[in-house]
Amino acid sequence: MLSILLLIAAVVLFFVGRGREAGGWKAGAALSAVAAVLAGVFACVHVVRAYEVGVPVTFGKVGSPLTSGVQFKSPFTDVTSFSTRPVDLDLYGKDVVEVRSAQGGVLYADVTIKWAVIPAKAVELYRLAGSEEAVQERLVVPDSREIIRNVFAKHTSEEGYASAREEIGSEIAALIKARLAPRGIDVTNVNLRNVKPSDKLQEQIDKKIQQEQDTERSVEAARTAKAEAERRRIEAEGIARANEILSKSLSDKVLYNQCLEAYKEAAKANPVYAVPCGTNANGTPVIVDSGKN
């Protein structure tokens with residue numbers, strides 16, 4: 001545009017200078033022409049910086065991506081540049097993702113997503129976003145939030161903040177990569193940093209944990225009581241069995257011999273005599289102390 005204006009100015013100065021003897025008009029026309037040529041040359045040159053890709057648009061028609069370096073274009077071509085450097089999208093703090101579990105519990109997920117523009121698909125990215133600044137806000141953020149919410153909605157609250165966090169993080173990463181890759185965005189890493197229950201859900205979790213602990217204590221008490229009852233039963237059976245064996249082993253002859261042994265021991269210290277109990281010699285003797293006659 002500048003070159004065209006300078007060229008018009010050069011033509012005007014040239015024709016105005018033809019009717020005048022002063023050479024200033026012609027010199028101005030010549031300078032304007034040179035400036036127009038230089039401006040035209042510079043308008044046809046575009047430098048794409050390192051780690052960027054350019055998308056040329058000429059009269060509304062999108063051309064092929066321009067790689068880093070010096071590129072030649074039409075003066076009427078506008079070039080929109082996209083950085084290909086990795087970008088970290090941090091969804092935490094005020095941008096934390098609020099999700100709901102399959103049970104309806106509210107959780108807050110902190111997620112970091114590392115993404116970059118795919119140079120070969122910069123044209124598709126331009127059609128969808130229009131500019132580098134709009135890529136994250138129009139594509140990465142809304143698509144990522146949607147996928148995170150959908151994945152958490154398939155799991156229970158307990159799985160979301162504890163037992164299945166690794167599985168959920170892997171599923172989120174795979175879905176985000178699959179969603180954004182066709183749109184010209186390469187997602188290299190998705191990190192599910194933290195999952196925090198809401199205050200209401202945390203209260204329900206604490207209550208459930210307390211109930212489980214009470215139940216475990218009751219079960220343990222019942223188990224201990226049952227074990228003690230079993231121990232006592234076994235002990236009682238052992239005593240009964242011992243008594244039964246002892247009862248069978250204490251015959252009259254055994255008792256008679258034990259009495260004789262007791263008599264012998266007593267006779268060593270004091271004079272005693274024995275009177276057999278019963279009508280025969282096999283009766284149980286009664287030991288009598290003679291000092292108490």
Side-chain angles (χ1 to χ4, degrees), residues 82-118 120-121 124-125 127-129 132-227:
F82 293 88
S83 174
T84 58
R85 287 186 172 92
V87 179
D88 286 333
L89 171 61
D90 295 319
L91 298 176
Y92 64 89
K94 64 182 181 65
D95 296 322
V96 67
V97 184
E98 180 179 321
V99 300
R100 289 185 178 273
S101 67
Q103 301 164 322
V106 178
L107 302 165
Y108 299 101
D110 294 344
V111 183
T112 297
I113 302 171
K114 185 181 289 293
W115 63 274
V117 171
I118 301 175
K121 295 184 178 180
E124 180 66 21
L125 196 59
R127 291 194 179 101
L128 294 172
E132 179 181 358
E133 294 75 15
V135 172
Q136 183 162 289
E137 294 303 320
R138 293 184 181 179
L139 299 177
V140 182
V141 172
D143 286 4
S144 299
R145 286 182 173 273
E146 177 188 348
I147 290 172
I148 293 170
R149 292 191 181 101
N150 291 341
V151 172
F152 271 95
K154 298 187 295 183
H155 296 268
T156 65
S157 299
E158 191 274 335
E159 290 174 341
Y161 67 82
S163 63
R165 272 186 56 180
E166 183 175 351
E167 175 187 346
I168 291 174
S170 299
E171 184 176 358
I172 290 174
L175 292 175
I176 291 178
K177 290 178 181 180
R179 173 79 67 85
L180 296 179
R183 302 182 179 186
I185 300 173
D186 179 29
V187 178
T188 57
N189 185 48
V190 178
N191 182 17
L192 182 58
R193 301 172 54 186
N194 187 35
V195 180
K196 179 182 178 183
S198 63
D199 293 340
K200 182 178 180 180
L201 180 58
Q202 185 63 57
E203 182 179 348
Q204 295 174 350
I205 293 171
D206 294 339
K207 184 177 180 180
K208 181 180 179 181
I209 292 175
Q210 184 63 41
Q211 291 175 345
E212 291 176 350
Q213 291 176 345
D214 293 341
T215 301
E216 289 177 359
R217 282 194 291 267
S218 299
V219 171
E220 183 61 28
R223 186 183 297 113
T224 302
K226 182 178 180 181

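Since the structure is predicted, the reported quantities are computational estimates derived from the model, not experimental observations.
For Glu158, the side-chain hydrogen bond (donor to acceptor under 3.5 Å, both in side chains) partners two or more places apart in sequence, or in a different chain, are Ser163. Residues that satisfy the side-chain hydrogen bond (donor to acceptor under 3.5 Å, both in side chains) test with Ser170, not counting sequence neighbours, are absent from this structure. For Glu132, the side-chain hydrogen bond (donor to acceptor under 3.5 Å, both in side chains) test picks out no residue, with sequence neighbours left out. Residues passing the side chain to side chain contact (heavy atoms under 4.5 Å, CB included) test with Glu216: none are found, sequence neighbours excluded. Among residues two or more places apart in sequence or in another chain, the salt bridge (charged side-chain N to carboxylate O under 4.0 Å, His left out) test is passed with Glu166 by none. Judged as a side chain to side chain contact (heavy atoms under 4.5 Å, CB included), and not counting sequence neighbours, the contacts of Ala129 are Ala134, Val135, Leu139. Applying the salt bridge (charged side-chain N to carboxylate O under 4.0 Å, His left out) rule to Glu146 yields the partners Arg179; only residues at least two apart in sequence or on another chain are considered. For Glu171, the salt bridge (charged side-chain N to carboxylate O under 4.0 Å, His left out) partners two or more places apart in sequence, or in a different chain, are Lys154. For Arg85, the salt bridge (charged side-chain N to carboxylate O under 4.0 Å, His left out) test picks out no residue, with sequence neighbours left out. Remark: Glu124 pairs with Arg127, Leu128 by the side chain to side chain contact (heavy atoms under 4.5 Å, CB included) rule, at least two apart or across chains. By the side-chain hydrogen bond (donor to acceptor under 3.5 Å, both in side chains) test, Ser101 pairs with Ser157, sequence neighbours left out.
The 12-atom threshold is exceeded at NZ of Lys121, counting heavy atoms of other residues, nucleotides or ligands nearer than 6.0 Å.
Taking CZ of Arg149 as the start and CG of Leu107 as the end, the distance is 12.5 Å to the nearest 0.5 Å. With rounding to the nearest 0.5 angstrom, the CD1 atom of Ile185 is 9.0 Å from the CD atom of Gln136. One distance of note links CG of Asn194 with OH of Tyr108; it measures 13.0 Å at 0.5 Å rounding. With values rounded to the nearest 0.5 angstrom, Thr112 atom OG1 is found 8.5 Å from Asn189 atom CG.
By the 4.5 Å heavy-atom criterion applied to side chains, Leu180 and Trp115 are not counted as neighbours.
The existence of a salt bridge linking Arg223 and Glu220 is confirmed by a sub-4.0 Å separation between a basic side-chain nitrogen and an acidic carboxylate oxygen.
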Subject >> side chain to side chain contact (heavy atoms under 4.5 Å, CB included) between Arg138 and Asp143, intermediate numbers included >> reply: CA-CA 8 Å; Arg138 293 184 181 179; Asp143 286 4; over 6 Å; no
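Contact record, Gly160 with Ile168: CA-CD1, 3.7 Å, taken as the closest heavy-atom pair. Minimum interatomic distance between Leu192 and Arg165 (heavy atoms only, all atoms of both residues): O-NH2, 3.5 Å. In this structure, Arg145 and Leu91 approach most closely via the heavy-atom pair NH2-CD2, 4.1 Å. Between Ile147 and Ile172, the closest heavy-atom pair is CG2-O, 4.1 Å.
Remark: the backbone N or O of Thr156 is paired with a side-chain donor or acceptor of Glu159 at under 3.5 angstrom.
Note on residues 87-110: pairs passing salt bridge (charged side-chain N to carboxylate O under 4.0 Å, His left out), not counting sequence neighbours, are Asp88-Lys114.
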